[in-house]
Peer 1: 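Here it is, the structure, as structure tokens.
We count residues from 1, following the sequence as given. Only this structure's heavy atoms are used, side chains among them; waters, hydrogens and symmetry mates stay out.
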Amino acid sequence: MQLNINDEKIRNVLSKNIKFSRLSSELTQDALAEDANISLSFLKDVESAKSGTSLLNLINICKALNTTPNQLLKDFFKDSLDKSEHIEQQINLLTDYQKDAVLTLIQYFITHEGN
């Protein structure tokens with residue numbers, strides 16, 4: 001498999017995954033920037049894919065998010081997420097009330113399968 005590697009693609013993947021991980025961790029940009037020992041404006045540039053990041057900053061961001069570079073770069077090595085991963089990511093962004101509603105809907109579909 002040959003990878004088409006370019007800065008824009010890497011920035012876009014990191015941008016999406018850092019923001020997703022930050023939101024999933026219920027961190028503000030201010031809190032993440034402070035925890036990762038980077039400036040808020042730099043984090044905003046990274047999250048908007050305007051800027052890439054050094055390996056040192058990436059590691060600091062990973063530590064602050066309690067994740068790994070592998071997690072933040074995972075989409076770079078495949079063209080799309082499978083459906084279950086995508087659904088899980090979207091559900092993680094919901095409130096507890098909304099998650100309960102989704103679970104109720106899933107249970108309905110399971111119990112009414114084939115009807």
Peer 1: Rounded at 0.5 Å granularity, tell me how far CG in L73 sits from CG in L14.
Peer 2: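 Spacing of CG (L73) from CG (L14) equals 4.5 Å.
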
Peer 1: Side-chain contact test, heavy atoms from C-beta onward, threshold under 4.5 Å: evaluate it for R22 versus E47 and give yes or no.
Peer 2: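 The answer is yes, as the side chains (C-beta and beyond) meet within the 4.5 Å cut-off.
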
Peer 1: Atom CD of Q89 and atom NZ of K16: how far apart are they, to the nearest 0.5 Å?
Peer 2: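 The distance works out to 6.0 Å.
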
Peer 1: Transitively linked via ILVMFWY side-chain contacts under 4.5 Å: F42 with L32?
Peer 2: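 In one cluster: yes.
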
Peer 1: Can you find a heavy atom in the side chain of N17 that is under 4.5 Å from one in the side chain of T67?
Peer 2: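 N17 does not reach T67 side chain to side chain.
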
Peer 1: Evaluate the side chain to side chain contact (heavy atoms under 4.5 Å, CB included) criterion for residues K63 and I59: first the C-alpha distance (whole Å), next the side-chain angles of each, then the deciding distance (0.1 Å), finally the verdict.
Peer 2: CA-CA 6 Å; K63 283 182 175 182; I59 290 170; 4.3 Å; yes

Peer 1: Mind checking whether L65 and L23 sit in one hydrophobic cluster, side chains of I, L, V, M, F, W, Y counted as touching below 4.5 Å?
Peer 2: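 Each belongs to a different hydrophobic cluster.
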
Peer 1: If hydrophobic clusters are built from ILVMFWY residues whose side chains come within less than 4.5 Å, do L56 and I18 share one?
Peer 2: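 Each belongs to a different hydrophobic cluster.
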
Peer 1: Quick check for you: to the nearest 0.5 Å, what is the distance between L43 atom CG and K19 atom NZ?
Peer 2: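 Between L43 CG and K19 NZ, I get 10.5 Å after rounding to 0.5 Å.
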
Peer 1: What's the spacing between S21 OG and L72 CG if we round to 0.5 Å?
Peer 2: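 So the OG of S21 and the CG of L72 are separated by 6.0 Å.
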
Peer 1: Evaluate whether atom NZ of K99 has more than 12 neighbouring non-hydrogen atoms of other residues, nucleotides or ligands under 6.0 angstrom away.
Peer 2: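 Count over threshold, so yes.
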
Peer 1: What I'd like to find out is whether the side chain of L58 reaches to under 4.5 Å of the side chain of C62, using heavy atoms alone.
Peer 2: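 Result yes, sub-4.5 Å side-chain heavy-atom pair found.
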
Peer 1: Same hydrophobic cluster for L27 and L93, using side-chain heavy-atom links shorter than 4.5 Å among ILVMFWY?
Peer 2: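 In one cluster with L27: L93, no.
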
Peer 1: Of all the heavy-atom pairs spanning S15 and V46, show the shortest one and how long it is.
Peer 2: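 Looking at all heavy atoms of both residues, the closest pair is CB-O, 3.3 Å.
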
Peer 1: From R11 CZ over to E8 CD, what is the distance, rounded to the nearest 0.5 angstrom?
Peer 2: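 Interatomic distance, R11 CZ to E8 CD, rounded to 0.5 Å: 6.0 Å.
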
Peer 1: Do other residues, nucleotides or ligands put more than 12 heavy atoms under 6.0 Å from Q29 CD?
Peer 2: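 Yes, enclosed.
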
Peer 1: Under 4.5 Å between any side-chain heavy atoms of E88 and N92, yes or no?
Peer 2: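 Side chain of E88 against side chain of N92, heavy atoms only: contact under 4.5 Å found.
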
Peer 1: Using the side-chain contact (heavy atoms from CB on, under 4.5 Å) criterion, which residues pair with D100? Sequence neighbours excluded.
Peer 2: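 Listed in chain order: nothing, the list is empty.
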
Peer 1: Show the nearest heavy-atom pair for residues A36 and A64, with the distance to one decimal.
Peer 2: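 Reported closest heavy-atom pair: N-CB, 3.9 Å.
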
Peer 1: Return the NZ to CG distance between K9 and D7, rounded to the nearest 0.5 Å.
Peer 2: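 Here the rounded value is 12.5 Å.
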
Peer 1: Side-chain donor-acceptor pair under 3.5 Å between Q107 and T104, yes or no?
Peer 2: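 Short answer, no.
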
Peer 1: Counting C-beta onward and ignoring hydrogens, is there a side-chain heavy-atom pair between L40 and K44 closer than 4.5 Å?
Peer 2: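 In contact.
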
